[in-house]
Amino acid sequence: MASILPPYTKEELEKKIKKQNLMILLQIVVLFFMIIFAVFSTVENGISFHTFLPLFFTPMLFVMFFEVKSLKKQLASRK
C-alpha cells in the first residue's frame, strides 16, 4: 500500500506528531464538553439534534488518532 503522506524530514515528522497530539487532546476536551452538554440538553428538553451531535464528531477523533499512529510508524522506520 502506497503512503498517502508527503515525504517529511525527521524533524518535520516530530513537529507534526507533536501538533497532532495537541489537536487530539483539544478534540477530546471539546468532545467531552459536547457529551456533557448533550446529556444535560436531553434531560432538560428531551431528544434533539444536540443529543446526537457528539456522534458526528467522534469519527474525526479516530481518524486523527490513526493518522498520528501512521506518522509514528513512518518516523520509526526512518530511525
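No experiment lies behind these values; they were computed from the predicted model shown. Side-chain atoms are counted along with the backbone in the values below, which use heavy atoms only and exclude waters and symmetry mates.
Note that NZ of Lys73 and NZ of Lys69 are 8.5 Å apart. Values are rounded to the nearest 0.5 Å. To the nearest 0.5 Å, atoms CD1 (Ile24) and CG (Leu31) are separated by 12.5 Å. Atoms NZ and CG, on Lys72 and Asn21 in that order, are 5.0 Å from each other to the nearest 0.5 Å. The structure places OG1 of Thr51 at 13.5 Å from CZ of Phe40, a figure rounded to the nearest 0.5 Å. Atom CD of Gln27 and atom OG1 of Thr58 lie 8.5 Å apart (nearest 0.5 Å). To the nearest 0.5 Å, atoms NZ (Lys15) and OG1 (Thr9) are separated by 9.0 Å.
Heavy-atom contacts from other residues, nucleotides or ligands closer than 6.0 Å to CD1 of Ile47 number 12 or fewer.
In this structure, Leu55 is a member of the same hydrophobic cluster as Phe49, with clusters built from ILVMFWY side-chain heavy atoms closer than 4.5 Å. Note on Leu53 and Ile28: same hydrophobic cluster, where clusters join Ile, Leu, Val, Met, Phe, Trp and Tyr whose side-chain heavy atoms are under 4.5 Å apart, directly or indirectly. No continuous path of ILVMFWY side-chain contacts below 4.5 Å connects Val30 to Ile36, so the two sit in separate hydrophobic clusters. In the hydrophobic cluster analysis, where Ile, Leu, Val, Met, Phe, Trp and Tyr join through side-chain heavy atoms closer than 4.5 angstrom, Phe32 is grouped apart from Met34. In the hydrophobic clustering of ILVMFWY residues, with side-chain heavy atoms under 4.5 Å counting as a link, Phe37 and Ile35 come out apart.
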Assess the residue pair Lys10 and Leu75 against the criterion (side-chain contact (heavy atoms from CB on, under 4.5 Å)); give the C-alpha distance rounded to whole Å, side-chain angles, the decisive distance to 0.1 Å, and a yes or no. CA-CA 7 Å; Lys10 184 179 172 185; Leu75 182 63; 3.7 Å; yes
Walk me through it: do Lys16 and Glu67 pass the test side-chain contact (heavy atoms from CB on, under 4.5 Å)? CA-CA 10 Å; Lys16 186 154 179 70; Glu67 183 179 346; 4.1 Å; yes
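Nearest approach of Ser41 to His50, heavy atoms of both residues: OG-CB, 3.8 Å. The two residues Phe52 and Phe56 come nearest to each other via the heavy atoms O-CD1, 3.4 Å.
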